Enquirer: 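Here it is, the structure in full.
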Amino acid sequence: MCLAVPAKIVSLSGMTAEVETGGVTKKVSTDLVPEVRINDYVLVHAGFAIQVIDEQEAVETLKLFQEILEHEHEVS
Amino acid sequence: MNMKFLKDYRDGEIARGIIRKINEISRRPAKLMEVCGTHTVAIFRHGIREVLPRNISLISGPGCPVCVTPNRHIDEAVEICRRPGVILTTFGDMMKVPGSSSSLAAEKAAGADIRIVYSTMDAVDIARDNPDKETVFFGIGFETTSPTVAAAILRAEQEGIGNFSVVGAQKLIPQAIRALLQSNEIGINGFILPGHVSSLIGTKPYRFIAEEFSIPAVVIGFEPVDILQGIYMLVKQIEEGTARVEIQYNRGVPPEGNPHAMNLLFKVFEPADAIWRGVGTIPGTGLTIRPEYSRFDAVRKFGVCIQEDRDLPGCRCGEVLRGVITPLQCGHFGRTCIPENPVGPCMVSVEGTCAAYYKFGKGASGDEA
Ligand code: SF4
């Protein structure tokens with residue numbers, strides 16, 4: 001029920017955006033994230049964009065772990 | 001579209017590296033509760049229980065909105081859909097949930113105009129297109145969904161749509177976690193906090209878990225690497241003897257959440273007491289429409305008053321939702337209760353713990369807990 005999927009904003013008109021995910025486009029409401037821009041990634045839940053995805057954080061979170069794993073290789 | 005980051009969060013090699021790390025540091029017994037039903041399903045689907053060391057058990061919690069909705073609200077929706085000139089709209093998951101004496105699916109079969117919508121805005125569209133009818137949205141959900149109900153009410157207000165109203169049965173998560181901890185039936189050592197509820201509310205409402213109960217809690221995403229990395233973060237805290245609220249799912253959860261959406265939510269609704277199936281009334285975990293918007297309150301508009309609601313005989317959903325038993329301990333499970341013919345809501349909802357156990361097998365870890 002609290003599932004949300006990442007999608008990319010391809011166009012905006014008023015409080016409605018067209019988003020693309022896995023090659024499929026659909027319309028979502030942007031009432032909850034009025035600041036979104038074209039090309040942003042958003043989390044889509046029940047026809048609404050609920051949060052803007054921070055791509056930088058997406059990369060950083062993984063990097064943190066990759067560093068831990070690499071460090072492991074060095075010491076072993 | 002190149003969502004590179006998404007691919008990496010499904011990477012088998014990274015996942016195996018994290019599993020190795022968890023095995024390396026995990027010594028103490030750890031009961032971790034996944035609050036959210038979406039996590040329950042993701043954990044089963046990716047076989048996460050099977051790859052964790054035996055001292056770690058994953059326990060499913062109360063985070064399936066369909067499952068915790070008490071019969072009273074289903075009875076309200078049933079009563080309203082029987083009124084002449086009403087179009088009842090709802091999300092698909094609520095259709096088959098049995099109330100005290102009927103379900104929406106049964107009412108639809110008997111001729112009621114019940115329509116499944118994907119978005120609350122679809123319900124507003126239906127109201128606009130059918131000015132001679134009353135369109136009612138039966139709203140359930142947590143903080144992920146409730147702002148969308150508020151946005152629909154605000155949209156209807158803005159457009160002057162007077163034939164739209166809502167049966168509100170939405171709930172708030174953080175104080176429900178407090179209620180679980182206060183009864184402390186299972187001795188939880190760590191919380192896997194719901195990613196998408198947190199996208200809206202941020203981390204502040206969870207601080208009491210660490211500060212008052214000294215239990216670590218991590219907001220975790222839904223891809224396999226997310227879940228494993230989040231479990232590693234929890235285990236690390238448990239082994240170090242610390243308790244903090246951390247975010248693994250940084251890309252979708254800023255610490256402050258989505259304040260704009262929460263403002264919309266609390267413009268229309270205010271916190272109230274709520275009944276949770278199997279738990280009872282928990283103060284401050286419900287949402288009621290503020291007096292300024294009371295014309296959108298369907299229960300008031302239609303003068304519905306449910307005198308008494310009945311529980312489902314023999315269904316142990318309440319204990320399942322509190323993590324006290326697993327579905328395997330319910331006598332109905334897999335015999336008289338299956339997804340095609342469910343006895344209780346935890347088998348109806350695809351995110352219900354009983355349905356997840358049935359679909360994905362019985363799960364190796366956590367069942368003995
Ligand atoms: S198996 Fe069926 S009857 Fe038993 S607790 Fe789950 S939903 Fe209720």
Side-chain angles (χ1 to χ4, degrees), chain A residues 1-10 14-36 39-73 75-76, chain B residues 1 3-6 8-9 11 14 17-18 20-21 24 36-39 41 63-66 91 93 117-122 140-145 147-148 151-152 154-155 194-197 199-200 221-222 225-226 229 232 248-254 257-258 260-261 264 349-351:
Chain A
M1 176 94 205
C2 292
L3 192 67
V5 294
K8 188 174 184 171
I9 305 268
V10 289
M15 285 304 210
T16 306
E18 206 173 38
V19 298
E20 197 246 278
T21 182
V24 182
T25 59
K26 60 179 172 189
K27 286 208 162 53
V28 301
S29 305
T30 58
D31 300 55
L32 306 181
V33 285
E35 74 277 17
V36 281
N39 289 333
D40 279 351
Y41 286 99
V42 289
L43 288 169
V44 173
H45 166 75
F48 280 78
I50 58 165
Q51 184 58 271
V52 182
I53 296 177
D54 188 329
E55 287 182 71
Q56 192 57 38
E57 286 289 1
V59 176
E60 293 293 319
T61 307
L62 272 175
K63 231 199 247 161
L64 249 174
F65 220 92
Q66 275 155 344
E67 269 161 28
I68 299 178
L69 293 176
E70 268 158 33
H71 183 66
E72 179 189 42
H73 290 146
V75 290
S76 58
Chain B
M1 220 43 58
M3 269 188 243
K4 183 185 173 305
F5 55 87
L6 197 56
D8 288 344
Y9 282 96
D11 184 290
I14 301 178
I18 303 174
R20 212 167 48 237
K21 280 309 236 189
E24 228 172 80
C36 166
T38 310
H39 271 139
V41 172
C64 157
V66 174
F91 294 136
D93 355 21
V117 290
Y118 167 63
S119 158
T120 55
M121 288 303 187
D122 298 343
I140 63 150
F142 296 135
E143 289 90 336
T144 323
T145 316
T148 77
L154 290 170
R155 175 77 60 92
H196 294 136
V197 163
S199 292
L200 279 301
F222 296 90
V225 167
D226 287 319
Q229 186 174 9
Y232 173 82
Q248 177 278 330
Y249 193 31
N250 282 301
R251 65 189 184 283
V253 181
N258 181 343
H260 171 72
L264 293 187
S349 167
V350 286
E351 292 189 350

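All values reported here derive from a predicted model rather than from experimental measurement. The chains referred to below are lettered A, B, ... by the order of the sequence lines, with proteins before strands, and numbering in each begins at 1.
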Enquirer: Return the orientation label for the B/Phe222 and B/His39 ring planes: parallel under 30°, perpendicular over 60°, tilted otherwise.
Expert: parallel
Enquirer: Pick one of side chain, backbone, both or neither for A/Ile50, based on which atoms fall under 4.5 Å of a heavy atom in chain B.
Expert: both
Enquirer: What part of A/Val42 gets within 4.5 angstrom of chain B, counting heavy atoms only: side chain, backbone, both, or neither?
Expert: neither
Enquirer: Under 4.5 Å heavy-atom distance to chain A, tell me which part of B/Leu154 shows up: side chain, backbone, both or neither.
Expert: neither
Enquirer: Considering only heavy atoms from C-beta outward, does the side chain of A/Lys8 approach that of A/Val19 to under 4.5 Å?
Expert: no
Enquirer: Chain B heavy atoms under 4.5 Å from A/Val44: which part of the residue, side chain, backbone, both or neither?
Expert: side chain
Enquirer: Is it the backbone or the side chain of B/Thr38 that comes under 4.5 Å from a heavy atom of chain A, or both, or neither?
Expert: side chain
Enquirer: Is it the side chain or the backbone of B/Pro194 that comes within 4.5 Å of chain A heavy atoms, both, or neither?
Expert: neither
Enquirer: Under 4.5 Å heavy-atom distance to chain A, tell me which part of B/Val41 shows up: side chain, backbone, both or neither.
Expert: neither
Enquirer: Can you see which heavy atom on B/Ile14 is nearest to which on B/Val225, and at what distance?
Expert: CG2-CG1, 4.1 Å
Enquirer: Identify which part of B/Asn258 has an atom lying under 4.5 Å from any heavy atom of chain A, answering side chain, backbone, both or neither.
Expert: both
Enquirer: Checking the side chain of B/Ser199 only, and the main-chain atoms of B/Gly195 only, is there a donor and an acceptor separated by less than 3.5 Å?
Expert: yes
Enquirer: Does any heavy atom of chain A fall under 4.5 Å from the side chain of B/Glu143, the backbone, both, or neither of them?
Expert: neither
